[in-house]
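Below you'll find the structure, written out as structure tokens, and then a few comments.
If you read the sequence from its start, that first residue is 1, and numbering goes on from there.
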Amino acid sequence: MEGMDLFADALWKFYKTGHATLHLERDDGYRDTEDLAWYLTTYPSFPNIEKKALKYARGRVLDIGCGAGRHALYLQRKGLRVTGVDASARMVELAQMRGVEDVRVADACGKLPFRDGEFDTVVLFGNNLGICGTLMKFRRMLRELHRITAPRGRILGTTRMPSATNAKDRAYIPRNISQGRAVGQLRLRLVFSHKRGEWFDLLLLPPTDLMRLAFKERWELTQVFTQNFELGYSVVMEKV
């Protein structure tokens, strides 16, 4: 995936030099700059919503979209057996360089290369609950995670609620609705070192929508942690 390789290139440069500028561009022209230091943080700097959800990690753990491995490294140190996966081979190399013991290239939006019932906990942090981009693909991912988790399997994930009050987002929601897209469906691309990646979708999920969709795919939303749903929240979902 070209876009994710741009992300990996930017993070590699930041890891080596401490300096890199990566822009995130939305299809309505809005542009923001990613804080790359964020992806290399350790537990003391994790958001409280992540810390609270991480208390529910147990058994064999799969970290999806593991990036540079910040969560995998923490869980390894806690004594858990962790497998990280990322769609970018360059990102997998970085996670290995930083000490993730088991990390592989895999696409969370397709069939995962794991046995039925292999994992007890799946981690989807960094808005990765919406990594597959559309409602249909999100439900397909939940079905695949149901397959590869044990009978008492659980998902720990983060997302955020689409904002109807923030000026930069206020016009985007009606735009999505007029185009037949999900309310929280963002179309984005990465810009790094004068290169632009391919457009991709990221799905933001209000908690009520998440609860409804998860229930349809035999997952129960049992814990929600947040201070502000528009800034982000974490969940624990139990397999049913």
Student check: side-chain heavy atoms of [X] and [Y] closer than 4.5 Å:
X	Y	result
L210	V224	no
Q76	V100	yes
Y43	R77	no
R98	V103	no
H71	E50	yes
L73	V82	no
L124	M141	yes
E25	W199	yes

Q: Going by the side-chain hydrogen bond (donor to acceptor under 3.5 Å, both in side chains) test, name the single residue among R143, H146, R140 that passes it with E217.
A: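 Only one of R143, H146, R140 forms a side-chain hydrogen bond (donor to acceptor under 3.5 Å, both in side chains) with E217, namely R143.
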Would you give the length of the straight line joining atom [atom1] of [X] to atom [atom2] of [Y], rounded to the nearest 0.5 angstrom?
X	Y	atom1	atom2	value
T134	L202	OG1	CG	11.5 Å
I173	Q185	CD1	CD	13.0 Å
L24	F192	CG	CZ	14.5 Å
Y74	K51	OH	NZ	9.0 Å
L11	K13	CG	NZ	12.5 Å
R60	E118	CZ	CD	5.0 Å

Treat each ILVMFWY residue as a node, draw an edge where side-chain heavy atoms are under 4.5 Å apart, and state whether [X] and [Y] are in one component.
X	Y	answer
I131	L190	no
F114	L142	yes
L22	L188	yes
F229	L221	yes
L135	V183	no

Q: Please test F119 against L112 for side chain to side chain contact (heavy atoms under 4.5 Å, CB included), starting from the C-alpha separation and ending with a verdict.
A: CA-CA 12 Å; F119 296 95; L112 290 165; over 6 Å; no
Could you tell me which non-hydrogen atom of [X] sits nearest to which non-hydrogen atom of [Y], and how far apart they are?
X	Y	answer
A57	L75	CB-CD2, 3.9 Å
A106	P113	CB-CD, 4.0 Å
Y233	V235	CE1-CG1, 3.5 Å

Side-chain donor/acceptor of [X] to backbone N/O of [Y], under 3.5 Å:
X	Y	answer
T158	G126	yes
K239	T149	yes
R170	T165	yes
S193	K195	no
S88	A8	no
D107	A87	no
T222	V236	yes
T121	R58	yes
W12	R90	yes
N128	F125	yes

Q. Hey, would you say the Y39 and F7 ring centroids sit under 6.0 Å apart?
A. yes
Q: May I ask you to establish whether R26 and Y172 are in a cation-pi arrangement, using a distance under 6.0 Å from NZ or CZ to the six-membered ring centre and at most 45° from the ring axis?
A: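 Yes; both conditions hold, so R26 lies above the ring face of Y172.
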Q: Just jot down the salt bridge (Lys or Arg N to Asp or Glu O under 4.0 Å) partners of R147, sequence neighbours excluded, or say none.
A: D116, E144
Q. With sequence neighbours left out, which residue pairs that include part of residues 226-236 fulfil the salt bridge (charged side-chain N to carboxylate O under 4.0 Å, His left out) condition?
A.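 Of all non-adjacent pairs touching residues 226-236, none passes salt bridge (charged side-chain N to carboxylate O under 4.0 Å, His left out).
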Q. Would you call the rings of F225 and Y56 parallel, tilted or perpendicular if under 30° counts as parallel and over 60° as perpendicular?
A.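 Taking Y56 first and then F225, their aromatic rings sit tilted (interplane angle of 30° to 60°).
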Q: Could you please spell out the steps behind the side chain to side chain contact (heavy atoms under 4.5 Å, CB included) verdict for D201 and L203?
A: CA-CA 7 Å; D201 286 332; L203 185 65; over 6 Å; no
(Q) Evaluate R181 against D27 for salt bridge (charged side-chain N to carboxylate O under 4.0 Å, His left out), listing each step before the verdict. (A) CA-CA 13 Å; R181 292 160 56 83; D27 63 339; 5.1 Å; no
Q: For the pair W219 and L145, evaluate side chain to side chain contact (heavy atoms under 4.5 Å, CB included) and give the outcome as yes or no after the intermediate values.
A: CA-CA 10 Å; W219 291 98; L145 298 185; 4.1 Å; yes
